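First the structure, in the form of structure tokens, and then the observations on it.
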Amino acid sequence: YVITKEDIHRSGAVDLPDLFRMVPGVDVIGVYGNAYGVSARGFNDRFSQRMLMMIDGRTTYVTFFNGVFWENDQVFLEDIERIEIIRGPGATLWGANAVNGVINIITRDPEEDQEMMVTGKAGTKHYREGIARYNGSLTDKLSISFTGGYREDQGTRGVNDWRRVPKAAGRLKYKLSDSATIHFLAGFNEADIGLDVTEYTQRTDARFRDAYYQILKWEQQISDTSQFHLNLYHDNTRFNSDDKQLSIEGGNTEVEVQHAFALGTRNKMVWGGNYRNTIAQSSLTRSRTDHDDLIGFFLQDEFTLADRVTLVAGVKYERNSFSGSDWSPRGCILYSPWDNHHFRLAVSKAYRTPGFFEENSRFVKTLPSPLPPLPIALILGNEHLDPEEMTAYELGYRTTLLNRLGLNLELYYNDINDIIDLLTLRQSVPYVLAYDNAYNAISKGIEVSLDLPVAPWWTLTANYTFQEVE
């Protein structure tokens, strides 16, 4: 499923998670106030631990908490070219934690349009936002874009979820030759926010500081059927609560290579590898500083067996500091028995690794203010956790009825093992809870969507999702 920049403009959305409400099979929940949870095919919660989000090849998945801060204004909506949403496992290409789905955000090419834009928005909850954007070519080879803005709101009445967020993002594109291009992207976001009572926090205020990223991309068109990509990025975030109970600092440095090429007339191959180093420092863990080194390799082949039958097979190998080595294979058959009728049958495996907090936490939960700060629970990590593993079976059908009405049908059955959760070790105050591979689950469901273009500027959509977890 693809959300285009035109869809974003017409949606009226001011928060990124609101865009995902239009996607069949994707569940968006309001946890409290401005805090969201986004997931596909079940198991939605505050951080959506089995959903991976990427922005221009940079993961926004926070390994410390195992999830995404969806409300953290990580990208300007005005900068987005398109959003690609994959429902179901994507670990063969994207690796660990791409279990229930992948959200891949691609920002606009600075060479695409020549524009200068100033936008002002206002709404309920005393919401105000101002954005200035420039996009265009400086020479035949050099083009740039820059976006800066500030937003604030007072949050939901009765909930401490106010926000004040200055942020900026820029992109430079330079053509080395007709076949080679480099991109440099950078941005920062330093937010002051309110935190309501949660599993980890009292009602307090907090600040994101030094939240920045840099990305360097090199794209090489080797031939008409061969492309090479190199992606290097670094990001860092420091988060502190005013009551000094919550302190987290972390960063990622990753290098990734990918090569896609045609092998003969029937094979389309893609292979690649990556290395990522993640460092985390926190007041919530036994060791104040920890790190994770991840290395991965993948290979996928799309083989045209006959005019109407295509086979897709791939595998990814990863080794990380938490759980060791893991394999994520995938096999898929694409069959089009008649024109405009397309079937897809897929079997794949994906996994979620334990995070820093799940492995290394030692956190005392106290009574919320204004009560005395007496300890009521102790949360402990577990260094012997196994990764969660999911085997997924999918069947899809897509067609266009009456030359206008688009129909998409998806059936899925997911077998999930070694789900990580908190188990109570002591039943009296103060309670003692520890992370463990607590249980297994089956997730199954159906997704149906209809699209009817009425005019170039008007499309009617309807979708229905049923899911069951046991």
Side-chain angles (χ1 to χ4, degrees), residues 1-4 7 20-28 38-44 50-54 82-94 98-104 268 270 298 300-316 328-350 390-416 441-453 459-469:
Y1 194 96
V2 177
I3 301 174
T4 65
D7 295 330
F20 306 139
R21 298 182 189 275
M22 68 178 72
V23 183
V26 173
D27 181 32
V28 180
V38 180
S39 186
R41 300 183 174 177
F43 293 95
N44 202 355
R50 301 161 190 88
M51 197 79 177
L52 186 67
M53 186 166 80
M54 312 283 291
R82 67 185 184 276
I83 305 174
E84 302 168 348
I85 297 100
I86 297 173
R87 295 159 291 168
T92 302
L93 295 180
W94 285 279
V99 180
N100 283 0
V102 179
I103 295 175
N104 186 31
K268 296 180 180 178
V270 58
F298 76 91
Q300 179 173 284
D301 180 22
E302 181 178 327
F303 176 64
T304 304
L305 185 63
D307 290 341
R308 296 183 179 271
V309 181
T310 301
L311 304 180
V312 181
V315 64
K316 182 158 190 172
S328 301
R330 180 175 186 263
C332 179
I333 301 175
L334 306 176
Y335 178 48
S336 302
W338 312 282
D339 292 341
N340 201 31
H341 292 271
H342 310 283
F343 292 87
R344 177 178 60 88
L345 176 65
V347 180
S348 54
K349 179 174 284 189
M390 183 175 81
T391 302
Y393 306 88
E394 301 172 273
L395 176 63
Y397 171 68
R398 179 168 49 87
T399 189
T400 302
L401 305 174
L402 305 175
N403 296 321
R404 296 187 65 190
L405 182 63
L407 168 66
N408 190 60
L409 173 66
E410 299 282 339
L411 301 170
Y412 65 89
Y413 181 95
N414 299 331
D415 184 2
I416 312 167
I442 299 293
S443 172
K444 52 190 175 183
I446 180 173
E447 301 162 356
V448 184
S449 62
L450 296 170
D451 296 279
L452 178 62
T459 300
L460 299 177
T461 63
N463 60 74
Y464 171 77
T465 300
F466 172 81
Q467 64 182 22
E468 183 179 64
V469 179

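As the structure is a prediction and not an experimental result, all values here were calculated from the model.
Here the straight-line distance linking atom CE of Met22 with atom OG of Ser449 works out to 13.0 Å at 0.5 Å rounding. Distance check: Asp451 CG to Thr400 OG1 gives 9.5 Å after rounding to the nearest 0.5 Å. Expressed to the nearest 0.5 Å, how far CD1 of Ile83 lies from CG of Asp7 amounts to 9.0 Å. For the atom pair Phe43 CZ and Ile416 CD1, the distance stands at 4.0 Å (nearest 0.5 Å). In this structure, SG on Cys332 lies 4.5 Å from CZ on Arg330, to the nearest 0.5 angstrom. Distance CD1/Ile85 to CD1/Ile3: 4.0 Å, rounded to 0.5 Å.
Residues forming a side-chain contact (heavy atoms from CB on, under 4.5 Å) with Tyr393 (at least two apart in sequence, or on another chain): Val347, Thr391, Tyr413. Listed by chain and residue number, nothing satisfies the side chain to side chain donor-acceptor pair (under 3.5 Å) test with Asp307 (two or more places apart in sequence, or in another chain).
Between Arg87 and Glu394 no salt bridge is recorded (no basic side-chain N to carboxylate O distance below 4.0 Å). The pair Asp339-Arg308 meets the salt-bridge criterion, since a charged nitrogen lies less than 4.0 angstrom from a carboxylate oxygen.
For Gly396 against Glu410, the heavy-atom pair with the smallest separation is CA-OE1, 3.9 Å. The shortest heavy-atom contact between Tyr412 and Ile446 is CE2-N, 4.2 Å. Of all non-hydrogen atoms in Val448 and Leu407, the two that sit nearest each other are CG1-CD1, 4.1 Å. The two residues Arg21 and Val28 have their closest heavy-atom pair at NH1-O, 3.4 Å.
A donor-acceptor contact shorter than 3.5 Å is absent between the side chain of Asn100 and the backbone of Ser39. Checking side-chain atoms of Asn463 against main-chain N and O of Gly25 turns up no donor-acceptor pair under 3.5 Å. In this structure, the side chain of Thr92 does not engage the main chain of Lys316 through any donor-acceptor pair within 3.5 Å. A donor-acceptor contact shorter than 3.5 Å is absent between the side chain of Arg404 and the backbone of Leu452. No donor-acceptor distance shorter than 3.5 angstrom exists from the side chain of Ser328 to the backbone of Ala350, with no hydrogens or angles considered.
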- Message: Applying side-chain contact (heavy atoms from CB on, under 4.5 Å) to Trp94 and Ile86, what does each step give before you reach the verdict?
- Response: CA-CA 11 Å; Trp94 285 279; Ile86 297 173; 3.3 Å; yes
- Task: Could you go through the side-chain contact (heavy atoms from CB on, under 4.5 Å) check for Ile442 and Asp415 one step at a time?
- Result: CA-CA 5 Å; Ile442 299 293; Asp415 184 2; 3.5 Å; yes
- Query: Please walk me through it: do Gln300 and Val312 pass side-chain contact (heavy atoms from CB on, under 4.5 Å)?
  - Reply: CA-CA 7 Å; Gln300 179 173 284; Val312 181; 3.8 Å; yes
- Take Ile333 and Phe343 through the side-chain contact (heavy atoms from CB on, under 4.5 Å) test and state the conclusion after the steps. CA-CA 8 Å; Ile333 301 175; Phe343 292 87; over 6 Å; no
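The side chain to side chain contact (heavy atoms under 4.5 Å, CB included) with Lys444 is formed by just one residue from the set Gln467, Glu468, Arg41; it is Glu468.
Heavy atoms of other residues, nucleotides or ligands lying less than 6.0 angstrom from CZ of Arg344 number more than 12.
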